[in-house]
Amino acid sequence: MPLIILGLIVTVGIIIYALVRYANSDDRIDMDPVRERFSNAFDRMKENMNRGANYEVVDDDDDDDPAEDSGRTMHFPDDAEVEKRKRNIH
């Protein structure tokens with residue numbers, strides 16, 4: 001019986017402490033748009049886009065010379081579920 005009373009006192013104390021902390025918090029919810037909060041990332045992305053990017057189109061049907069890509073191209077597996085199980089990805 002004393003352990004139940006002690007547990008109730010501790011529980012009530014934790015609840016009161018949490019309510020006091022919540023009442024004293026002056027944190028406002030940040031409702032600024034993402035572009036304003038992380039403007040440095042968007043500026044960097046815009047600079048990279050302005051420089052221009054060089055893209056190379058890889059034709060997957062063209063398997064004449066497999067040594068040509070030198071292992072830099074990662075092709076999507078035929079059965080993704082088998083690959084997920086093999087690599088233990090959930």
Side-chain angles (χ1 to χ4, degrees):
M1 189 69 159
L3 288 177
I4 294 174
I5 294 172
L6 182 63
L8 289 174
I9 291 172
V10 169
T11 305
V12 169
I14 291 172
I15 291 172
I16 290 173
Y17 176 75
L19 289 173
V20 169
R21 290 280 311 240
Y22 179 73
N24 289 339
S25 68
D26 291 334
D27 296 336
R28 69 174 185 89
I29 298 173
D30 194 7
M31 298 297 288
D32 295 336
V34 174
R35 283 192 179 274
E36 289 179 13
R37 284 189 285 167
F38 304 108
S39 61
N40 58 345
F42 281 96
D43 292 341
R44 223 175 314 138
M45 182 180 66
K46 193 178 214 179
E47 289 173 9
N48 289 341
M49 294 300 284
N50 288 339
R51 276 192 241 148
N54 298 328
Y55 295 103
E56 181 180 335
V57 177
V58 177
D59 190 12
D60 288 337
D61 297 335
D62 212 13
D63 291 334
D64 295 337
D65 190 11
E68 189 175 311
D69 8 321
S70 67
R72 292 181 295 166
T73 304
M74 184 175 184
H75 299 282
F76 194 77
D78 294 331
D79 191 1
E81 291 300 320
V82 171
E83 288 293 322
K84 283 171 53 177
R85 272 182 265 148
K86 184 169 67 174
R87 298 169 193 264
N88 199 17
I89 301 171
H90 299 287

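The salt bridge (Lys or Arg N to Asp or Glu O under 4.0 Å) search around Glu36 returns none, not counting sequence neighbours. Taking the side chain to side chain donor-acceptor pair (under 3.5 Å) definition, one finds that Tyr17 meets it with Arg21, sequence neighbours left out. Take Ile16 and apply the side-chain contact (heavy atoms from CB on, under 4.5 Å) test, not counting sequence neighbours, and it matches Val12, Val20. With sequence neighbours excluded, the residues that form a side-chain contact (heavy atoms from CB on, under 4.5 Å) with Val34 are Arg37, Phe38, Phe42.
The hydrophobic side chain of Leu3 is isolated, with no ILVMFWY side chain under 4.5 Å apart from it. When hydrophobic residues (I, L, V, M, F, W, Y) are linked wherever their side-chain heavy atoms come within less than 4.5 Å, the members clustered with Ile4 are Leu8. Membership of the apolar cluster around Ile14 extends to Val10, as traced through chained side-chain contacts below 4.5 Å between ILVMFWY residues.
Screening residues 2-13 for side chain to side chain donor-acceptor pair (under 3.5 Å) gives no qualifying pairs among residues at least two apart or on separate chains.
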